[in-house]
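Computed from a predicted model, the values in this text were never measured in an experiment. Starting from 1, each residue takes its place in the sequence as its number.
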Amino acid sequence: MNRRFNLYLIFFSFFLFSCSQEKVSSICLAYESQEEEYAEVQTVGEKELNLDFSSFISTYQTREEFSGPFGEPAEHEGLDLLNVDEALLDVPVHTIAEGIVVYARIGCPSSTQFSDNTMLRECGAGWGNHLVIDHGNNFYSRYGHMRFDGVYKKVGEKIDKDEIIGLMGNSGRSEGRHLHLEIGYYSGSFDSCKPSQSFDYVLDPASYGF
């Protein structure tokens, strides 16, 4: 009887250990890889947001706007802020609003900072090294093409508005150092242990004060 009870305890303890291991392993602080993955082109949407982005801080010389017809795949899924000043070695990336990091993609290299990147252009599904921040109510921001050594935050970290989260870079599908900023809506939850993921739809940052 005691032997049977001991075997039961051993089995039950192993079951609990397995469950706890599975729970821990399902949360990754960052997804690090040099693979080239692919994500669906995001659809253009519209939504009322109770967030003020008008004071967003960024150092850039030129910009490329979001584009695409409503309800269709975006032609350009975000706002690009380009910094071509080669005298500036480090250009910080600031957050647009407070939130929590839910996805961090790292490990994507770049061949240069100021011309077409020729290394693993689809790394990070073209976004290169990037962070995704949850702002609540299923709204998120994505910060793309960050430098190989320029992703400062990890999954689970709370972020304040205008906080520096990394450095502009030229990783992924990029033609020069810039920040690719997206605002998106996503009804699911990000899996921090899997390759890069698309939002359900993306919004035009210019509609919210950028």
Side-chain angles (χ1 to χ4, degrees), residues 31 36-58 60-83 93-105 108 116-117 120-146 151 155 159 161-162 165-166 168-192 194-210:
Y31 184 83
E36 293 185 275
E37 69 263 37
Y38 296 87
E40 290 185 14
V41 176
Q42 299 165 120
T43 300
V44 176
E46 292 179 351
K47 197 74 174 179
E48 191 71 32
L49 288 181
N50 295 319
L51 293 172
D52 179 16
F53 303 135
S54 59
S55 64
F56 175 60
I57 300 170
S58 185
Y60 66 95
Q61 286 78 43
T62 58
R63 55 189 279 165
E64 182 179 337
E65 302 297 331
F66 174 98
S67 63
F70 176 76
E72 298 292 331
E75 296 164 3
H76 185 222
E77 299 170 299
L79 170 67
D80 285 353
L81 303 176
L82 291 79
N83 190 299
V93 172
H94 298 258
T95 53
I96 61 175
E98 67 177 8
I100 297 175
V101 177
V102 292
Y103 189 74
R105 178 64 165 92
C108 299
D116 291 7
N117 176 36
L120 304 178
R121 286 178 62 82
E122 297 306 320
C123 189
W127 291 298
N129 303 306
H130 65 275
L131 290 170
V132 176
I133 296 178
D134 181 0
H135 301 292
N137 298 317
N138 299 114
F139 288 103
Y140 299 82
S141 57
R142 189 192 314 268
Y143 306 80
H145 307 299
M146 298 171 80
V151 179
V155 171
I159 305 297
K161 178 178 172 57
D162 297 326
I165 56 173
M168 271 193 199
N170 193 35
S171 57
R173 198 183 321 120
S174 180
E175 279 68 51
R177 183 176 68 184
H178 73 288
L179 167 65
H180 175 83
L181 172 65
E182 290 179 0
I183 302 173
Y185 177 91
Y186 187 56
S187 57
S189 58
F190 275 84
D191 189 331
S192 61
K194 290 187 176 181
S196 308
Q197 300 141 70
S198 298
F199 298 133
D200 291 340
Y201 58 83
V202 284
L203 312 171
D204 184 358
S207 300
Y208 303 98
F210 291 107

- Would a 4.5 Å heavy-atom cut-off, applied to side chains only, mark Ile159 and Val101 as touching? yes
- Task: Determine the interplanar angle of the Phe56 and Phe210 rings, folded into 0 to 90°, and report it as parallel if under 30°, tilted if 30 to 60°, perpendicular if over 60°.
- Result: perpendicular
- Query: Is any side-chain heavy atom of Leu131 less than 4.5 Å from a side-chain heavy atom of Val151?
  - Reply: yes
- Query: Under 3.5 Å, is there a donor-acceptor pair linking the side chains of His135 and Ser141?
  - Reply: yes
- Query: Which one of Tyr201, Phe139, Tyr140 satisfies the side-chain contact (heavy atoms from CB on, under 4.5 Å) criterion with Tyr186?
  - Reply: Tyr140
- Least distance between heavy atoms, Ser198 atom then Arg142 atom: CA-NH2, 3.9 Å
- Item | Rounded distance [0.5 Å steps], OG1 in Thr95 versus CG in Asp162 | 6.0 Å
- Query: If we ignore angles and hydrogens, is there a donor and acceptor under 3.5 Å between the side chains of Ser187 and Asp200?
  - Reply: yes
- Message: If you compare all heavy atoms of Asn137 against all heavy atoms of Tyr185, which two are closest, and at what distance to 0.1 Å?
- Response: O-CE1, 4.0 Å
- Message: Can you give me the closest heavy-atom contact between Pro205 and Leu203, atom names plus distance?
- Response: CD-O, 3.1 Å
- Item | Neighbour count >12 (heavy atoms, 6.0 Å) for atom CD, Glu36 | yes
- Heavy-atom pair of closest approach, residues Tyr60 and Leu82: CB-O, 3.3 Å
- Query: Using a distance-only test with no angle check, is there a side-chain donor-acceptor pair under 3.5 angstrom linking Asn170 and Arg177?
  - Reply: no
- Query: How long is the span from the NE2 atom in His76 to the CZ atom in Phe66, to the nearest 0.5 Å?
  - Reply: 9.5 Å
- Any side-chain donor-acceptor pair under 3.5 Å between Arg105 and Gln197? no
- CD1 (Ile183) and CG (Asp204) are apart, to the nearest 0.5 Å, by 8.5 Å
- If you measure from the Lys or Arg side-chain nitrogens to the Asp or Glu carboxylate oxygens, is any gap between Arg173 and Glu122 under 4.0 Å? yes
- For residues 61-82, which residue pairs qualify under salt bridge (Lys or Arg N to Asp or Glu O under 4.0 Å), counting only residues two or more places apart or in two chains? Arg63-Glu65
- Message: Within a 6.0 Å radius of atom CD on Glu40, are there more than 12 heavy atoms belonging to other residues, nucleotides or ligands?
- Response: no
- Message: Classify the ring geometry of Phe190 against Phe199: parallel below 30°, tilted from 30° to 60°, perpendicular beyond 60°.
- Response: perpendicular
- At what distance, to the nearest 0.5 angstrom, does NZ of Lys47 lie from CG of Asn138? 8.5 Å
- Query: Distance-only, no hydrogens or angles: does the Asn129 side chain make a donor-acceptor pair with backbone N or O of Cys108 under 3.5 Å?
  - Reply: yes
- Does His180 use its side chain to pair, donor to acceptor, with the backbone of Gly144 at less than 3.5 Å? no
- Item | Minimal non-hydrogen separation, Tyr31 against Pro195, with atom names | OH-CG, 3.5 Å
- Is any side-chain heavy atom of Ile100 less than 4.5 Å from a side-chain heavy atom of Ile133? no
- Message: Using side-chain heavy atoms (C-beta onward) and a distance below 4.5 Å, is Val132 in contact with Tyr143?
- Response: no
- Item | Aromatic ring proximity, centroids under 6.0 angstrom, His145 and His178 | yes
- When rounded to the nearest 0.5 angstrom, what is the spacing between OG in Ser174 and CE in Met146? 13.0 Å
- Task: Give, for atom OG of Ser58 and atom CG of Asn83, the distance between the pair rounded to the nearest 0.5 Å.
- Result: 8.0 Å
- If every non-hydrogen atom of Asn117 is compared with every non-hydrogen atom of Gly172, which pair is closest and at what distance? ND2-O, 2.9 Å
- Quick one: do the Ser196 and Glu37 side chains pair a donor with an acceptor below 3.5 Å? yes
